[in-house]
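Shown next, in structure tokens, is the structure this report addresses.
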Amino acid sequence: MRVHPNHQGRGLGGEILDRLEEKAGETGYEKIILNTPARQENSRKLCETRGYRVFDIGTIGNMDVVFYQKDLVSCSRKAKTEGPSTTEV
């Protein structure tokens with residue numbers, strides 16, 4: 001997932017990630033695994049502030065990447081106690 005540089009810093013990446021998590025949970029996925037280039041600090045910060053945890057660091061081709069994962073089962077339990085989201089993207 002990428003947000004065009006002209007639109008970064010507006011929370012769009014977080015909104016997209018929230019929707020992807022919601023759809024993945026509805027579809028029955030129990031966790032999400034993603035990666036981001038190690039040099040992209042903003043992307044890494046987004047993952048970490050959204051509850052993703054680092055589970056590996058490696059390379060893809062010649063690029064250093066950080067691998068993250070998030071358990072959606074605990075997220076769905078939390079969402080049930082907090083109620084539905086009204087955010088539209």
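Keep in mind that this is a model prediction, so the values were computed, not measured.
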Step-by-step side chain to side chain contact (heavy atoms under 4.5 Å, CB included) determination, Y52 to I32: CA-CA 9 Å; Y52 286 81; I32 292 181; 3.7 Å; yes

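- In this structure, the side chain to side chain contact (heavy atoms under 4.5 Å, CB included) partners of L12, at least two apart in sequence or on a different chain, are V3, H7, R10.
- Within the structure, no pair that satisfies the side chain to side chain donor-acceptor pair (under 3.5 Å) test touches residues 55-64, not counting sequence neighbours.
- In the hydrophobic cluster analysis, where Ile, Leu, Val, Met, Phe, Trp and Tyr join through side-chain heavy atoms closer than 4.5 angstrom, M63 is grouped apart from I57.
- Taking CG of D18 as the reference point, atom NZ of K23 lies at 13.0 Å (rounded to 0.5 Å).
- To the nearest 0.5 Å, atom CZ of residue R2 and atom CD of residue Q40 are 6.5 Å apart.
- Remark: E41 engages R44 in a side chain to side chain contact (heavy atoms under 4.5 Å, CB included) (not counting sequence neighbours).
- Residues satisfying the salt bridge (Lys or Arg N to Asp or Glu O under 4.0 Å) criterion with R39, sequence neighbours excluded, are absent altogether.
- Heavy atoms only, all atoms of each residue included: A24 and L72 are closest at CB-CD1, 3.7 Å.
- Clustering ILVMFWY residues whenever any of their side-chain heavy atoms sit less than 4.5 angstrom apart, transitively, puts V65 in a cluster other than the one holding V54.
- Remark: Q69 pairs with K31, I33, R53, F55 by the side chain to side chain contact (heavy atoms under 4.5 Å, CB included) rule, at least two apart or across chains.
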Worked verdict on Y68 versus E48 for side chain to side chain contact (heavy atoms under 4.5 Å, CB included): CA-CA 8 Å; Y68 291 94; E48 292 166 12; 2.7 Å; yes

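- Residues satisfying the side chain to side chain contact (heavy atoms under 4.5 Å, CB included) test with L46, not counting sequence neighbours, are M1, L17, R50.
- To the nearest 0.5 angstrom, C47 atom SG is 11.0 Å from N42 atom CG.
- Looking at every heavy atom in both residues, G58 comes nearest to F67 through N-CE1, 3.9 Å.
- Side-chain contact between N35 and V66: absent, with no pair of heavy atoms (C-beta onward) separated by less than 4.5 Å.
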